Asks: 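Would you mind keeping the following structure in view while I ask a few things?
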Amino acid sequence: MFFFKRKHPKPTIIPREEHIISRKNIDEDALKVLYRLVDRNHEAYLVGGSVRDLLLGRAPKDFDVGTDARPNEIRRIFRNCFLVGRRFRLAHIVFGKKVIETATFRRAPQPTDVADEHGLYQTEDNTFGTPAEDALRRDFTVNGLFYDIKTFAIIDYVGGLKDLKAKLIRSIGDPAIRFQEDPVRMMRAVRFAAKLGFEICANDVKAIRKYAPTLANASVSRLCEEIQRLFVRGATERSIRLAHDYGLLAVLLPELDAWISTSGTNANALWRALGALDRFAADHEVSPALSLALLYGPMAAELMGKRASGKRGNERFARRQAAEKALAPAVKQYRLPRAVWMTAADIFELAPRFSQPPCEEVTRDVRFLNHPLFPECFAGAQVIAALGLLPTDHLSAWEAAYRRNGPPARQAPGEEAPPAPNPHRRRFRRRRRGGNRKPSAQPAEA
């Protein structure tokens, strides 16, 4: 007698009456994509983080669709479709400024596939698969849930519903293998844990601590993008703490990690600053420059304090130098955009200016109110004031002066404010003509 081992687990199906997802909470354009694919006799599911967020009662950032239709078939069905990607073709269905990412089901690499020189199977990622195979190749169980638009049921192949109730981030499969295949998944685990308020399961934590040095093998562009994503809205403090505790920050930002480990009580200023940033983010938009300024601000302040006590000089210039010195390693390693890191240095440099009330009769203050940097610097001052380092009454005076003398004073009622120009853009300079030009040939005399 022969016994056949089940290749894929039997899915758990949660009918409509047993979950909280409603089509009212799903984007209208995502529903258009799902219904049109189903009308063309294709399977189509809402997949990924959108299903997870809907089950948690959160508003999804975007909606992704999984289908058995091939990329070229999707392009024939939707005129507003653009195919992107090299290793695996994705369909971006565009509705104005919104993009519904639609991907064909694919399977995870198998041990029989051709491996690369490191013994991993990341190279064979272009094979289409079934919904079950697509769920098994995803990163974490809470991201492997499907929503069936035909039956309105939740389909779970990987135990994501159980981990969602337990508030756990767990890898699908062996975390040691999954993190070696793509080291950036370790950063994603930290980000999801901070964003959702979940814990990372013990096996994944053990694998992260062991394979954290492999992050150095990832491309600089991907690491730069993931570092920016660590600034989770409302959970930046926990995100950076987890990255430091698990050894990821030592690979990503070694100078900052070493400062946290050796500065002792001074590191508490960093956690307080990031906590204030999280509270500020509850009601305001936070830019990458502001996040970077608060991440490196305590380190730059310590560099300011190490100056010789008897040395005199321009205080503002010294603050600028300290900020640029603290930011320099990250700027060099990740080639951070000039507008981001220079604005972060500006926020640190100009923060003491808000310790005094504005004088609207002074041209210098009026120029500052109309400068493109003022909103960013004012946001930084608000976070610093929440730490008790700036007087809040002066901030109210600056805000009132901005409304009277800044760009909003020249804005018509109901008119949308134009985007502020980038003060750190590189100016195009026309090449100067002249110099040692050859004299034109003179006509010969008759």
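Model, not experiment: these values are computed from the prediction.
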Asks: Find out whether the Lys NZ or Arg CZ of R170 is both under 6.0 angstrom from the six-membered ring centre of F198 and within 45° of the ring's axis.
Replies: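 No, R170 does not sit over the ring of F198.
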Asks: Using the side chain to side chain donor-acceptor pair (under 3.5 Å) criterion, which residues pair with N405? Sequence neighbours excluded.
Replies: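 N405 satisfies side chain to side chain donor-acceptor pair (under 3.5 Å) with E360 once adjacent residues are dropped.
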Asks: List the steps, then state whether side chain to side chain contact (heavy atoms under 4.5 Å, CB included) holds for L248 with V190.
Replies: CA-CA 9 Å; L248 298 177; V190 166; 3.6 Å; yes
Asks: Which class fits the ring pair F354 and F374: parallel under 30°, tilted 30 to 60°, perpendicular over 60°?
Replies: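 F354 and F374: tilted rings.
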Asks: Heavy atoms only: give me the nearest I14-H19 pair and the separation to one decimal.
Replies: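 Between these two residues, the closest heavy atoms are O-CD2, 3.6 Å.
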Asks: Indicate whether any N or O donor in one side chain lies under 3.5 Å from an N or O acceptor in the other, for W259 and E302.
Replies: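 Their side chains do contain a donor-acceptor pair, which is all the 3.5 Å distance test asks for.
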Asks: Got a salt bridge between D134 and R138, using NZ or NE/NH1/NH2 to carboxylate O under 4.0 Å?
Replies: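 Salt bridge between D134 and R138, a charged N being under 4.0 Å from a carboxylate O: yes.
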Asks: Kindly determine whether W398 and F368 satisfy ring-ring contact (aromatic ring centres under 6.0 Å, His included), including the steps that lead there.
Replies: CA-CA 10 Å; W398 278 101; F368 183 46; 5.7 Å; yes
Asks: More than 12 heavy atoms of other residues, nucleotides or ligands under 6.0 Å from NZ of K325: is that the case?
Replies: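 For K325, atom NZ is not crowded (no more than 12 foreign heavy atoms under 6.0 Å).
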Asks: Does E349 come within less than 4.0 Å of R353, counting only side-chain N to carboxylate O?
Replies: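 No, no charged N to carboxylate O under 4.0 Å.
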Asks: Which side-chain N or O atoms in residues 284-294 pair as donor and acceptor under 3.5 Å with protein atoms at least two apart or in another chain?
Replies:
residue: H284; atom: ND1; partner: F280; partner atom: O; Å: 3.1
residue: E285; atom: OE2; partner: R233; partner atom: NH1; Å: 3.2
residue: S287; atom: OG; partner: L290; partner atom: N; Å: 3.2
residue: S287; atom: OG; partner: E376; partner atom: OE1; Å: 2.8
residue: S287; atom: OG; partner: E376; partner atom: OE2; Å: 3.0
residue: S291; atom: OG; partner: S287; partner atom: O; Å: 3.2

Asks: Restricting to side chain to side chain donor-acceptor pair (under 3.5 Å), what partner residues turn up for R272, sequence neighbours left out?
Replies: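 Side chain to side chain donor-acceptor pair (under 3.5 Å) list for R272, sorted by chain: empty.
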Asks: Counting distance only, does the side-chain N/O of D278 pair as donor-acceptor with the main-chain N or O of T236 below 3.5 Å?
Replies: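 Present.
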Asks: Taking the side chain from Y334 and the backbone from L252, do they hold a donor-acceptor pair closer than 3.5 Å?
Replies: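 The answer is yes, because a donor-acceptor pair under 3.5 Å joins these two groups.
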